[in-house]
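I have placed the structure first, in the form of structure tokens, so that the comments after it can refer back to it.
Index from 1, following the sequence. In what follows, every heavy atom counts, from backbone to side chain, and hydrogens, waters and symmetry copies are set aside.
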Amino acid sequence: MQDDLPIDARFAPIDFREELNDEQFAAVTAPPGPALVLAGAGSGKTRTLTYRVAYLLSQGIQPWEIMLLTFTNKAAKEMLGRVQDLTGVAGHKLWGGTFHSIGQRMLRIHGTSVALQPSYTILDEGDSEGVLTDAIRSVDAGFLKSKNNPKAKVLKDMISYARNTMEPVAGVVADRYPFFENIGEKVETFHHAYQKRKLEQQVVDYDDLLELWLKLLQQDKEVASKYQERFKHILVDEYQDTNRLQSAIVDMLGAHHQVMAVGDDAQCIYTWRGADFENIMTFPDRHEGTIIHKIETNYRSSPEILNLANSVLQAQPAGFGYSKELHAVRRSHQLPILAPVMDTRQQAQFICARIRHCYDQGASLKDIAVLYRAHFHAMDLQMELSRQQIPYVITSGVRFFEQAHVKDVAAQLRFVHNPRDLSAWHRFVCLLPKIGPRSSEKIYLAAREVAEKNRQDFFNVLQSDPVMKKVPAPAKDTWEQLALSLKDLWTANQGSRPSEVVRLAIEGWYTLYLRQNYPNWPQRQEDLESLVGFAGRYETMEELLAQLVLLSSETSDRSVEPSEDSIRLTTVHQAKGLEFPIVFVIGLADGLFPLRRAIEADDTEEERRLFYVALTRAMDELYMTYPMITTGNGPPQRNQPSRFLQEIPQDRYETVRMRQMHSGW
């Protein structure tokens, strides 16, 4: 085999001592054996991993004796490219890549041990959802037709989470989808039918690439032993993001404890999608003799920003993470700024004013990022940026008023206000099963005819026999719910305030639709709830609808491309791994950051880590804001600053009050 040939690359001389700091050098040149490298934010993690591979090659380790596991193809390509530049060894000679890519490679060679032929094919998300749909119908032909059951996409999310966390499907349904708890055992049955169908067709989904890889190592002792002996060094990038399944694979391959896990427990922010915080915390327990290397020299941020970030970790309860303290290389700069503001509109005005000030001082717009915990937190900011014609791009999704669920609710509001608005009608009616534009129009015309013939209001005839005859059978149950919701909205629209009409719109049939169709329904629900507060600013529905149209038109301007000079708006999750000279972290009120649902679940430590990640994206200037008043579903409420802010010593930042803002600060 090609892999078994000795390499003939001529190593360019590398002075590891000269090119690495003391902490990096210790990790890069560590002796064989289990090692946990805690690489803090901005400390050169990728450099450390790359030089570790180069060092091993320089010590006579052959490329095929090294496995490098990453989470993204981009990271794998970057690291293998750097290794080639440093050593002359082609990246393809190492077993390097994402967990899924290495898994499929292993299964191509040894898949027969788990009943897979080498010619198996990998399903994309759409195809795997189709196979699951077929499996569900084979078990229960009427399940997906029921108005009370989740759709295949949501079921797939339930099953996928269970597989990656190695938990029973029924337990996951009960814990994560309590409103569907009664179908937990049924979903377990669907899972088994889905697995059987894939095996019959010799196809796999992404989760199979990990699940079957682990099964292969557990069942075929000869294969497991071969690779345990072959890989003298196993390096894992972003180890804090591994789920239980990935950790089990690493532990199986690294049975001789030849594993170097590189990561940062303080940046573990993906447990909601299966990452297991305990993997990195218990690594030394599973690999006896582990040496822990801490890389705490930060090349990204000013000392003042790091002092602030360090204080966030210092406030965490004992046992919730490894002790670490980032040290700055860069020279001193200004203190981070905390700006309490009256509400989210004033927050937006403050940010726009500071952006203009920074721009006038020579900063490029692309150097500025605004980070937030949830998408709806930036609604007013998007509106203000559009009004002031400050170009921006959103790297964590579409603009607020362009989101499908916001448009769906807006369409219902438009229609109950103007029952002749056919485009609004089609928007939400076509969400029902087996209803397309033609069916939607037939239903509409039937309802108009009945209403005019009997001199009734349109919304009172939606459940009449002539109308029901036009509704496809699979949609009839849901249609009744929609008809009742529309009637309630129409009644409320006759005299209630716009905020009350919006509240009814998001509490009606559409809530069930979200839960049935979107795995991330809680985030979408939060977006919609923010519309209640937005509607509270207007006295009439005409004003509200006019603003929705105008704002949608403004924020739909796509003249600014991401490559041009523009502000970056993004969630903190999407900003991980990035850095910006100027960063605004907004919405830092208790209930917003940390989120209320995290507080209610008494599970705020991941929110703390998320806050830490947000702060450590900033290089030069850091601004933190929080609205002192929130207007939402009810009367205005006074906010407390985030508990994470309250834990920080006040000498770590400068507070700017509203009177200073008005005086031209």
Side-chain angles (χ1 to χ4, degrees), residues 73 98-101 103-104 107-108 111 114-165 167-170 172-173 176-177 180 183-213 215 243 245 273-274 404-405 408 429-440 472-478 512-521 524:
N73 288 312
T98 65
F99 276 88
H100 292 89
S101 67
Q104 72 85 26
L107 291 171
R108 293 286 179 204
V114 288
L116 268 188
Q117 297 303 313
S119 59
Y120 75 84
T121 53
I122 303 172
L123 301 170
D124 63 20
E125 285 295 310
D127 290 337
S128 61
E129 188 177 319
V131 175
L132 176 59
T133 298
D134 292 341
I136 292 168
R137 288 172 177 161
S138 72
V139 174
D140 185 342
F143 184 86
L144 293 175
K145 298 177 182 178
S146 171
K147 65 178 182 180
N148 296 317
N149 293 330
K151 305 306 179 189
K153 185 175 183 178
V154 177
L155 292 167
K156 187 174 185 301
D157 185 73
M158 296 174 179
I159 293 170
S160 178
Y161 185 88
R163 297 170 69 188
N164 282 282
T165 56
E167 297 176 10
V169 173
V172 167
V173 175
R176 291 171 61 85
Y177 302 85
F180 291 135
I183 64 168
E185 296 299 330
K186 176 82 75 172
V187 180
E188 187 87 61
T189 304
F190 295 154
H191 172 219
H192 294 311
Y194 174 53
Q195 297 298 87
K196 181 180 178 182
R197 188 169 290 254
K198 284 184 296 178
L199 196 58
E200 290 171 348
Q201 298 177 12
Q202 286 294 291
V203 296
V204 300
D205 61 21
Y206 288 162
D207 295 335
D208 286 317
L209 297 176
L210 302 183
E211 209 169 36
L212 293 177
W213 183 11
K215 184 178 180 181
N243 58 40
L245 185 53
R273 69 183 188 193
H405 48 292
D408 291 344
V429 171
C430 288
L431 297 175
L432 275 60
K434 302 298 182 182
I435 295 184
R438 292 185 64 184
S439 297
S440 173
K476 287 189 184 296
D477 286 345
T478 309
L512 180 59
Y513 173 82
L514 284 180
R515 292 181 176 183
Q516 289 178 322
N517 288 275
Y518 295 109
N520 67 337
W521 71 268
R524 292 175 185 260

Rounding to 0.5 Å, atoms CZ (F143) and OG1 (T133) come to a distance of 11.5 Å

Only one of L123, T121, L116 passes side-chain contact (heavy atoms from CB on, under 4.5 Å) with V204, and that residue is L116

Original post:
Can you tell me if Q516 uses its side chain to pair, donor with acceptor, with the backbone of N149 under 3.5 Å?
Top reply: yes

* In this structure, are over 12 heavy atoms from other groups packed under 6.0 Å from K145 atom NZ? -> no

- [ ] For the pair D205 and R163, find out whether any cationic side-chain nitrogen is under 4.0 Å from an anionic carboxylate oxygen.
- [x] yes

query: Is the closest side-chain heavy-atom distance between C430 and P437 below 4.5 Å?
result: yes

- prompt: Under the side chain to side chain contact (heavy atoms under 4.5 Å, CB included) criterion, do H191 and M158 qualify, and how do the steps go?
  reply: CA-CA 10 Å; H191 172 219; M158 296 174 179; over 6 Å; no

Counting distance only, does the side-chain N/O of N243 pair as donor-acceptor with the main-chain N or O of G274 below 3.5 Å?
-> no

Under 3.5 Å: donor-acceptor pair, side chain of R524, backbone of R515:
no

- Message: Any non-hydrogen side-chain atom of P150 less than 4.5 Å from a side-chain atom of I183?
- Response: yes

- Below 4.5 Å, heavy atoms only, C-beta onward: do Y194 and K156 meet side chain to side chain? yes

Look only at the side chain of S128 and the backbone of D124, and say whether a donor-acceptor pair between them is shorter than 3.5 Å. yes

To the nearest 0.5 Å, atom OG1 of T478 lies from atom NZ of K476 at 11.5 Å

query = Does the pair D157 and Y177 meet the rule for a side-chain hydrogen bond (donor to acceptor under 3.5 Å, both in side chains), with working shown?
reply = CA-CA 11 Å; D157 185 73; Y177 302 85; 2.4 Å; yes

Review point. Does any non-hydrogen side-chain atom of Q195 lie less than 4.5 Å from one of E211?
Key: yes

Exercise. Tell me, do R108 and Y120 make a side-chain contact under 4.5 Å, heavy atoms counted?
Worked result: yes

Handout entry: Donor-acceptor under 3.5 Å (Q117 side chain, Q202 main chain)
Key = no

Evaluate side chain to side chain contact (heavy atoms under 4.5 Å, CB included) for F190 paired with D140, printing each intermediate quantity in order.
CA-CA 9 Å; F190 295 154; D140 185 342; 4.2 Å; yes

- Item | Enclosure of K153 NZ (heavy-atom neighbours >12, cutoff 6.0 Å) | no

Fill in: Audit row: V187, V172, side chain to side chain contact (heavy atoms under 4.5 Å, CB included) steps and yes/no
CA-CA 10 Å; V187 180; V172 167; over 6 Å; no

Determine whether a donor-acceptor pair (N or O, by modelled atom type, separation under 3.5 Å) exists between the side chain of T165 and the backbone of Y161. yes

